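Here the structure comes first, spelled out in structure tokens, and everything after it is commentary.
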Amino acid sequence: MSKPLMAKATAVWLVDNTTLSFKQIADFCGMHELEVQGIADGDVAVGVKGFDPVGSNQLDESEIVKGQKDPAYKLKLKRNPAAEGEEKRRGPRYTPLSKRQDRPAAILWLVKFHPELADAQIAKLVGTTKPTIASIRDRTHWNIQNITPIDPVALGLCRQTELDAAVQKAAKKHAAGGDVMTDDERRKLVSTEASLAMGDEPRLPSSLGGLDNFSLRRDEVKKPEPTLDADSFFNLPDADDEDEDDEH
């Protein structure tokens, strides 16, 4: 049976706002009856705000009325397309046979554009093994020359929300560990669509940051000025001319 969104918060709301039995609430929310009883006693889900399943279009009010009249009645969850497939996945991800050949391309894309992701995160996203990821990282994979990086979301190996969540988790881990990230790494920690929309920007090394506005062209190089002396300011006649004047 499918569970409602925010199952524990929904159970809190049902305990506080209805007279349904603990078993009815437990069956509807996919919980144990004793856990629901713990919610009623204040021992479980302390501080959790109740989530209204009627207001969120997950349960009809008529279902609550029927359940309150008949303790054996089981509440029926309304079909919610937004909740389908969003429950936590346990165990390794199953990849269809038709898409397994695309996994190396997806791994190479993740390694190239999101190097901050751990091998365990990549393995969970595309359903692969750590040795395969290591061989692609080290470029020792048998077919590495023919692998082209492709977005795993475009290949249908994972959802965009799952990829963004993994990237954000990696960002928090880097921040908690005190690791200093480069500008390129920081730009890759945004969502995939935003990172792909950014163009490559040429960057100067940090040691040359003060020279970004400095340019020197060949035609701007100043020629050395000629050395001037006192004689250059006067047009004095040569000594031979003075002798000719004295003879006349």
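Quick caveat, the model's predicted, so the values are computed rather than measured. Values reported hereafter were calculated over all heavy atoms of this structure, with side chains retained and with hydrogens, waters and symmetry mates removed.
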If I compare all heavy atoms of [X] with all of [Y], which pair ends up nearest, and what's the gap?
X	Y	value
Val12	Val48	CG1-O, 3.8 Å
Leu163	Cys158	CB-SG, 4.5 Å
Val126	Ala106	CG1-CB, 3.9 Å
Pro4	Cys29	CD-CA, 3.9 Å
Pro53	Leu14	CG-CD2, 4.1 Å
Trp13	Phe51	CB-O, 3.3 Å

Less than 4.5 Å apart, side chain to side chain, heavy atoms only: is that true for [X] and [Y]?
X	Y	answer
Thr132	Ile107	yes
Thr10	Phe28	yes
Tyr73	Gln68	no

Out of curiosity, [X] [atom1] to [Y] [atom2], how far, rounded to the nearest 0.5 Å?
X	Y	atom1	atom2	answer
Asp60	Leu77	CG	CG	10.0 Å
Asn17	Ile64	CG	CD1	8.5 Å
Ile122	Arg103	CD1	CZ	13.5 Å
Glu162	Leu157	CD	CG	10.5 Å
Arg137	Lys112	CZ	NZ	14.5 Å
Thr129	Asp119	OG1	CG	10.0 Å

Qualifying salt bridge (charged side-chain N to carboxylate O under 4.0 Å, His left out) pairs, either residue in residues 46-57, two or more places apart: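 Qualifying pairs: none.
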Looking at [X] and [Y], would you say the former's side chain and the latter's main chain have a donor-acceptor pair under 3.5 Å?
X	Y	answer
Asp70	Lys66	no
Glu116	Ala170	no
Glu63	Leu75	no

Leu20 reachable from Met6 in the ILVMFWY side-chain graph, under 4.5 Å edges: no
With clusters built from Ile, Leu, Val, Met, Phe, Trp and Tyr whose side-chain heavy atoms come within less than 4.5 Å, directly or transitively, what are the remaining members of the cluster of Trp142, listed by chain and number? none
